[in-house]
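Take a look at the structure below.
Chain identifiers are assigned alphabetically (A, B, ...) following the order of the sequence lines, protein sequences preceding nucleic acid strands; residue numbering begins at 1 within each chain. All values derive from a computational prediction rather than experimental measurement.
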Amino acid sequence: MTGPELPPGSGRRLTRAFFARPPEVVARDLLGRVVVSGSGPTTVAVRLTEVEAYAGADDPASHAFRGSTARNAVMFGPAGHLYLYFVYGMHWCANVVTGPVGEASAVLLRGGEVLTGSDLAALRRPGVRRTADLARGPAGLATVLGWGPATNGHDLVTGEEQLRAGRRVADDALSTGPRVGVSVAAQVPWRFWVTGAPGVSAYRAAVRRPRRTGSSSMGD
DNA sequence: CCGCCGATCCTCT
DNA sequence: GAGGATCGGCGGG
């Protein structure tokens with residue numbers, strides 16, 4: 001009768017102060033925490049197992065590196081808000097804004113383990129066979145949660161979408177390494193993941209492949 | 001398991 | 001006009 005509920009032990013909601021710290025500190029501390037979207041029968045809860053930190057103006061790999069634009073405006077606002085961006089013409093990915101207002105640092109939510117609402121999660125991810133893969137990768141995680149353009153700017157501290165305390169991961173249970181898919185500052189080890197956990201994606205270095213030559217002026 | 005590759009369109013230069 | 005904080009299918013070892 002009742003829909004899915006919050007998993008036992010999901011704990012208190014994380015506070016503004018939690019997010020208002022440096023991105024690499026927040027990132028590491030987010031592992032094992034629980035993202036919740038929806039309510040009642042539409043509840044989906046995911047335990048975070050992979051995240052990535054991005055600094056603001058000092059980080060060439062950050063979307064905020066070249067200053068404020070229409071797309072990244074949320075990054076320059078208060079910590080604890082969601083920054084959703086559209087990439088490769090088809091995927092939405094979710095960040096949590098960190099640090100003080102104006103710094104524009106953030107943490108990309110890269111993967112997790114579905115704790116609640118796996119039926120709905122599977123509906124949102126047709127074609128995914130293994131339950132452990134439902135929230136694997138930043139686009140998959142956002143999709144499972146039902147997040148998209150309408151979610152951009154949402155406040156995790158006061159809104160319906162939430163981040164709950166869950167259980168912090170011990171130092172000896174996590175790994176760190178270079179960030180996935182970035183073509184600059186790739187050596188910065190700001191990717192954090194729970195070693196061997198579901199939802200952790202394989203490392204992929206950024207690759208620039210030659211684009212098909214335009215066929216506009218030549219006969220087809 | 002691993003690596004290559006296309007899809008697809010928004011964003012900023 | 002180029003390139004992107006990706007994904008999943010396919011083919012080879």
Side-chain angles (χ1 to χ4, degrees), chain A residues 23-24 26-28 30-31 35 46 48-76 81-99 103-112 114 121-145 147-153 176-193 196 198-218:
Chain A
E24 73 278 18
V26 175
R28 183 257 171 274
L30 276 174
L31 293 176
V35 192
V46 177
L48 293 175
T49 57
E50 183 184 357
V51 296
E52 238 168 40
Y54 288 86
D58 296 333
D59 183 358
S62 170
H63 286 178
F65 181 57
R66 303 193 184 277
S68 179
T69 66
R71 176 175 72 154
N72 66 19
V74 173
M75 295 183 76
F76 290 80
H81 288 245
L82 285 171
Y83 162 52
L84 273 283
Y85 70 93
F86 185 62
V87 72
Y88 292 114
M90 60 199 95
H91 301 300
W92 287 90
C93 302
N95 296 254
V96 180
V97 177
T98 61
E103 180 184 288
S105 59
V107 174
L108 174 64
L109 307 182
R110 287 200 53 92
V114 177
L123 282 176
R124 289 170 170 167
R125 295 269 285 157
V128 174
R129 304 187 167 230
R130 298 159 45 198
T131 302
D133 291 338
L134 285 174
R136 181 181 185 188
L141 176 57
T143 299
V144 151
L145 293 167
W147 288 356
T151 319
N152 190 40
T176 68
R179 297 178 291 189
V180 174
V182 298
S183 57
V184 290
Q187 77 285 356
V188 178
W190 275 5
R191 176 185 177 220
F192 303 83
W193 68 94
V200 176
S201 55
Y203 173 77
R204 297 188 188 205
V207 180
R208 245 182 33 191
R209 287 189 298 275
R211 197 158 295 264
R212 286 184 64 91
T213 59
S215 57
S216 54
S217 60
M218 304 298 288

Q: Mind checking A/Y88 for me? I need base, sugar-phosphate or nothing, with any heavy atom below 4.0 Å counting as a touch.
A: base

Q) What pair of heavy atoms forms the shortest contact from A/R124 to A/V144, and how long is it? A) NH1-O, 2.8 Å

Q: Figure out the CD/P separation between A/E50 and C/dT6, and round it to whole Å.
A: 10 Å

Q: Check the distance between C/dG4's C1' and A/R179's CZ and give it to me in whole angstrom.
A: 15 Å

Q. Shortest non-hydrogen contact from A/A142 to A/C93?
A. CB-CA, 4.4 Å

**Q.** Residue met sooner reading DNA chain C from 5', once A/A94 and A/G127 are mapped to nucleotides
**A.** A/A94

Q) Out of C/dA5, B/dC5, B/dT8, which has the shortest distance to the side chain of A/R204? A) B/dC5

Q) Ring-on-base stacking between A/Y54 and C/dA5, under 5.5 Å between centres and under 30° between planes: is it there? A) yes

Q) Judged by modelled atom types alone, do A/R191 and A/T176 share a side-chain donor-acceptor pair under 3.5 Å? A) no

Q. Over how many whole Å does the gap from A/M75 atom CE to B/dT11 atom P extend?
A. 15 Å

Q | Distance, rounded to the nearest Å, where A/L84 contributes CG and B/dC10 contributes C1' | A | 14 Å

**Q.** Heavy-atom check, side chain of A/L82 versus side chain of A/N152, under 4.5 Å
**A.** no

Q.
Counting only side-chain heavy atoms from C-beta out, which of C/dG4, C/dC7, C/dA5 sits nearest to A/A139?
A. C/dC7

Q) Given atom CG of A/L108 and atom C1' of C/dC7, what is their separation to the nearest angstrom? A) 14 Å

Q. When you measure from the side chain of A/S62, which nucleotide among B/dC5, B/dC9, C/dA5 comes out closest?
A. C/dA5

Q) What is the ring orientation for A/W92 with A/F86, classed by angle as parallel under 30°, tilted 30 to 60°, or perpendicular over 60°? A) tilted

Q. Using a cut-off of less than 4.0 Å, is there contact between a side-chain N or O of A/T69 and OP1 or OP2 of B/dT11?
A. no

Q. How close or far is atom P of C/dA5 from atom CE of A/M90, stated in whole angstroms?
A. 14 Å

(Q) Taking the minimum atom-to-atom distance to the side chain of A/R71, which one of B/dC9, B/dC12, B/dA7 wins? (A) B/dC12

Q: Output yes when at least one side-chain N/O atom of A/R125 is less than 4.0 Å from OP1 or OP2 of C/dG8, else no.
A: yes

Q: Let me know the distance between CZ of A/F86 and P of B/dT11, rounded to the nearest Å.
A: 8 Å

Q. Phosphate oxygens OP1/OP2 of C/dC7: is one of them under 4.0 Å from a side-chain N or O of A/H91?
A. no

(Q) Counting only Watson-Crick pairs (N1-N3 plus N6-O4 or O6-N4) and G-U wobbles (N1-O2, O6-N3), all under 3.5 Å, who is the partner of C/dA5? (A) none

Q.
Any side-chain N or O of A/R110 below 4.0 angstrom from OP1/OP2 of C/dT6?
A. yes

Q: Please state whether the base of C/dG9 and the side chain of A/R129 form at least one donor-acceptor pair under 3.5 Å?
A: no

Q. Atom CZ of A/R191 to atom C1' of C/dT6: distance rounded to whole Å?
A. 13 Å

(Q) Quick check against the 3.5 Å criterion: does A/H81 have a side-chain atom that pairs as donor or acceptor with the backbone of A/G153? (A) yes

